[in-house]
*Asks:* 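Here it is, the structure in full.
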Amino acid sequence: MFMSGIKNITIGILALQGDFFEHAQVLRNLGVKNKYIKTADDLKNINGLIIPGGESTVMARLLKLTGLDKKIVFLAKRGLPIWGTCAGLILLSNRVRGGNFRPLRLLPISVNRNSYGRQINSFSEPLVVPVLGQKSMYAVYIRAPQITNTNKNVIVLARRLNKQAVAVQYQNILGTAFHPELTADSRFHGYFLALVRKNAS
Ligand code: GLN
């Protein structure tokens, strides 16, 4: 259902590979219009963009092939809110260790791909994200990247108990190392949508 008094917005979800369907489902449940982005033309008339989890190496190659990479960077620089989850966070970052592709360089952080070790490739744990309230969310990490460095202008929205940053924001760009789209808790989507609505109004 639409929240009252709120402008009708459309969220683009990059749908080259990965878990774009799960993001679409969350947005559908929230009553928010969304469309899949597969070509540069699809980027017309969207108010925000989600880059899902998946394989950043594959997505990087497809972004380049389709010319979506340049167009996304162009729109980001003009203020389009963009949120990357896991592989999406890797693609948005400035520096990637463990991947032989050039990221979009929209989020001044460094990441280390697949750095949680071989045995523990995936795990989940409670995470408090203060901007979403004190009630913790369930953070799901699937072969997640570690954020190894953040520029001083990057806002850290959440840290694990070991202090490691796992949710970050730089102006209109958001990144999470975990997957809010895989849980029933849509508060992080709500946070992104608030950013989008602010930008669209
Ligand atoms: N390991 C993947 C990568 O490096 C990310 C995994 C994910 O998005 N869940 O691209």
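In listed order, ligands and their atoms are each counted from 1. The figures here come from the full heavy-atom set of this structure, side chains too, leaving out hydrogens, waters and symmetry mates. All residue numbers refer to positions in the sequence shown, counting from 1.
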*Asks:* According to the interplanar angle, ranging from 0 to 90°, do the rings of His23 and His189 count as parallel (below 30°), tilted (30 to 60°) or perpendicular (above 60°)?
*Replies:* tilted
*Asks:* Closer than 3.5 angstrom, by distance alone: can the side chain of Asn199 be matched with the main-chain N or O of Val196 as a donor-acceptor pair?
*Replies:* no
*Asks:* Please could you name the atoms of ligand 1 that Ser56 approaches to less than 4.0 Å, counting only its heavy atoms?
*Replies:* 3 (C), 4 (O), 10 (O)
*Asks:* What are the atoms of ligand 1, with element, lying closer than 4.0 Å to any heavy atom of Gly53?
*Replies:* 8 (O)
*Asks:* Tell me whether His179 has any N or O atom under 3.5 angstrom from an N or O of ligand 1.
*Replies:* yes
*Asks:* Find all atoms of ligand 1 within a distance of less than 4.0 Å from any non-hydrogen atom belonging to Ile90, and give their numbers and elements.
*Replies:* 3 (C), 4 (O), 10 (O)
*Asks:* Do Lys38 and Phe20 meet the cation-pi criteria used here (NZ or CZ under 6.0 Å from the six-membered ring centre, within 45° of the axis)?
*Replies:* yes
*Asks:* For the backbone of Ser115 and the side chain of Gln146, can you confirm whether one donor and one acceptor N or O come within less than 3.5 Å of each other?
*Replies:* yes
*Asks:* Give the C-alpha distance, both sets of side-chain angles, the deciding distance and a yes or no for side chain to side chain contact (heavy atoms under 4.5 Å, CB included) between Ile50 and Glu181.
*Replies:* CA-CA 11 Å; Ile50 293 177; Glu181 73 280 15; over 6 Å; no
*Asks:* Please state which protein non-hydrogen atom is closest to atom 8 (O) of ligand 1 and give its distance, to 0.1 Å?
*Replies:* Gly54 N, 2.9 Å
*Asks:* Give the residue and atom name of whichever protein heavy atom lies nearest to atom 1 (N) of ligand 1, and the separation in Å to one decimal.
*Replies:* Asn114 OD1, 2.6 Å
*Asks:* Does an N or O from Arg113, backbone or side chain, lie closer than 3.5 Å to an N or O of ligand 1?
*Replies:* yes
*Asks:* Can you tell me how far apart CH2 (Trp83) and CD1 (Ile13) are? Round to the nearest 0.5 Å.
*Replies:* 10.0 Å
*Asks:* Is it true that Arg113 and Glu55 make a salt bridge, defined as a side-chain N closer than 4.0 Å to a carboxylate O?
*Replies:* yes
*Asks:* Using heavy atoms and a 4.0 Å limit, tell me yes or no: is Met59 in contact with ligand 1?
*Replies:* no
*Asks:* In the protein, what heavy atom is nearest to atom 7 (C) of ligand 1, and what distance, to one decimal place, separates them?
*Replies:* Cys86 SG, 2.9 Å
